[in-house]
Protein chains: 2
Amino acid sequence: MAITIYDISQKAGVSTATVSRVINGGGNVSPATCKKVTDIIEEYGYIPNAYARGMGLRSLKTVGLLCADSSDLYTARAVYLLEQELQANGYESLLCCTGFNQDVRKNYLNLILSKKVDSIILVGSHFIASTELENEYIREAADQIPIMLLNASYSHPNVYSTLCDDYASMYEAASSMIQSGIPDILYLYNSRSYSGLKKLKGFEKALADNHIPESMRNILYYDKSAGGIEDITAFIQEMTDGRPPFHGIIASDDVLAVGGIKYTQKTGLRIPEDISIIGYNNSMLTACCTPSLTSVDNCLEALTHQLIHTLLQVLAGEQMPQKVVFSGKLIERDTTCFH
Amino acid sequence: MAITIYDISQKAGVSTATVSRVINGGGNVSPATCKKVTDIIEEYGYIPNAYARGMGLRSLKTVGLLCADSSDLYTARAVYLLEQELQANGYESLLCCTGFNQDVRKNYLNLILSKKVDSIILVGSHFIASTELENEYIREAADQIPIMLLNASYSHPNVYSTLCDDYASMYEAASSMIQSGIPDILYLYNSRSYSGLKKLKGFEKALADNHIPESMRNILYYDKSAGGIEDITAFIQEMTDGRPPFHGIIASDDVLAVGGIKYTQKTGLRIPEDISIIGYNNSMLTACCTPSLTSVDNCLEALTHQLIHTLLQVLAGEQMPQKVVFSGKLIERDTTCFH
DNA sequence: TCTGATCATGAAAACGCTTACATTAAAATT
DNA sequence: AATTTTAATGTAAGCGTTTTCATGATCAGA
């Protein structure tokens, strides 16, 4: 059996309470005793059992992170930023990747809940609050602890949302393209994302406000979750055989946009002379492709920073706004030429 | 206070032991009682406290994943694959991102250890066993539970390694390039990676075996951890101003290779006619850039699959090989033309 | 009908910590 | 020197489960 606090207390000739005080730095321990205990702990490589601690302590300073797929570029970055912020503030994090299955997600939510976390952050706009079932889970969880949403929003007194205004951002991006003289745009839409719908609406609004006729609407739903770039390229090709009936591509994320680039290059057309392309997320992919990708920056860093700030305040009992909205910004690179 | 097993037992008119049996499916509960208890649990939304369980249970069927930076493309994918495999086998995972600081890493290792995990997987070849300090941690941990290494190896009876033979793979890749008539190669080397050194050695051996003179050796160390593609491009530019004195680039990972592509394009040279490029990892980036990147596939999926297989067997008390080595394979795409 | 086996259940100890409370010793105040 | 205050430490009661062991009920076989 592993070494316990009792063993340490015996070897140090003190009580377990004193050892506990040394470990938790609660004060009221004489320097001499403290040193003696610390030395013994060091010597025996004693590590307190986290579960036993969990029973005693009120808070374990832990927050759960729930995401669908941590290997997704955007999610991975979000998770990393959140973890760094949490760590910097003395919190641990517990990451669960649920995939897209609702039941698995419910199980994981319960799993996290059972671990006495101080809060749960729902990461990535994927799927959040997109179904009734999902709503119910969130409500139940929110009855117990504050729930933080990254890039989604939900109305509940104990749910806090931090998001980028994807509707407005996409509206801006699409408007820029239209006003630069490109009315016929292919819109690539990933239906798996919660904010995807908002972006689509923003795009459609831009079309409407600029009086683009119905006949020029060209929206492609791509709903595979993990298809590679080749898949995307093939998909677009299949849907638009022959010469593409558009001069612009706007995608709801950078991966799709890169698919658009490769597709365009396959058809032999030039970017941006023949076809302009805009992505979304301003991820590292924008710098990887040739030409480099114009993309909407949805300020992930600002979002995560604000989210953790809100969380810490909420946990400290402060009253905080239920919803904080940032706005995105189009970063122009070489797949567009709007001037 | 949250609802406990005791509350449930009262409402169901049974003892806590019976409720526990229902929850853990240990049998020896009458169908009627089982249903009654299950209903009450459902009704009150009872979730057992994980910490209390942790005290009672021998194993929590949990394994810790330790990585430096989960947002790194390769690591993210490895983590995802491992988590999926673990989940499929009824294990939970606990992810910790330590960054590159040794002390932080030690703390995290202890943290994981304190959670009674059944094993720890050290993910990503980054930094593993690269320092004496690191070695010591691993040894200490291995005294308690089996330690699994992904893409690293370490000699200890309780440490199991699953890896790709990066030395041989890089040797092959470099040989291919040299034998296609390109003796002057720039090698881009990320020193933050443990396997980086092996790859470098493989590269150098290929040079030696093909009688490439010392004067043609051109190795660039790039040791920033999180620099973007632009950084890499600028770095290469800075180190090789004017016309590049080489006709091939081999990089120790795909991100560096993409930096090489962008650099080449900036100088106005053609790929692969003027300069051939090979990356490593065969990540999704290979499909994102133009031209698409030739890269060494180090069969991450096979690695993770094998690693979990070994782990499960070890936990089941089986004798397993200490070290399993796969070999990588050069996947030719459009940045090379070796025929 | 009786006996031993099997099944369902409960009582209570154990898991390894934290912490409220009690106690003692030392220091500060009068 | 007596008294009060403060600091250091110990005692023991939880925390919410699991699990061993004991107990009683049911059942099959004679």
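Sequence lines set the chain letters: A, B, ... in the order given, protein chains first and strands last, and positions in each chain run from 1.
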In whole angstrom, give the distance that lies between atom [atom1] of [X] and atom [atom2] of [N].
X: A/N49; N: D/dG16; atom1: CG; atom2: P; answer: 17 Å
X: B/N24; N: D/dT20; atom1: CG; atom2: C1'; answer: 15 Å
X: A/Y51; N: C/dC17; atom1: OH; atom2: P; answer: 14 Å
X: A/I5; N: C/dC17; atom1: CD1; atom2: C1'; answer: 6 Å
X: B/K116; N: D/dT17; atom1: NZ; atom2: C1'; answer: 11 Å
X: B/M55; N: C/dA12; atom1: CE; atom2: P; answer: 21 Å
X: A/N28; N: D/dA7; atom1: CG; atom2: P; answer: 7 Å
X: A/R53; N: D/dC15; atom1: CZ; atom2: P; answer: 19 Å

Rounded to the nearest 0.5 angstrom, the CG-CG distance for B/L86 and B/L311 is 7.0 Å
* Go through the side-chain N and O atoms of A/N151 and A/Y74 and say whether any donor and acceptor fall under 3.5 Å apart. =>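 Yes, side-chain donor-acceptor contact under 3.5 Å.
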Side-chain donor-acceptor pair under 3.5 Å between A/Y44 and A/D39, yes or no?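 There is no such pair between these side chains.
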Phosphate oxygens OP1/OP2 of [N]: is one of them under 4.0 Å from a side-chain N or O of [X]?
X: A/Y46; N: C/dC17; value: yes
X: B/T16; N: D/dG16; value: no
X: B/S20; N: D/dT18; value: yes
X: B/T4; N: D/dG16; value: no

Counting side-chain heavy atoms from CB outward, which of [options] is closest to [X]?
X: B/A17; options: C/dA20, C/dT9, D/dT19; result: D/dT19
X: B/A52; options: C/dG16, D/dG10, D/dT17; result: D/dT17
X: B/S30; options: D/dT9, C/dA8, C/dT18; result: C/dA8

Partner residues of A/S119 under the side chain to side chain donor-acceptor pair (under 3.5 Å) criterion, sequence neighbours left out: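 Partners of A/S119 by the side chain to side chain donor-acceptor pair (under 3.5 Å) criterion come out as none, since no residue qualifies.
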The side chain to side chain donor-acceptor pair (under 3.5 Å) partners of A/T18 (sequence neighbours excluded) come to A/S15
query: For DNA chain D, whose closest nucleotide is more 5', that of B/P48 or that of B/R21?
result: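 Taking each residue's closest nucleotide, the earlier one in sequence belongs to B/P48.
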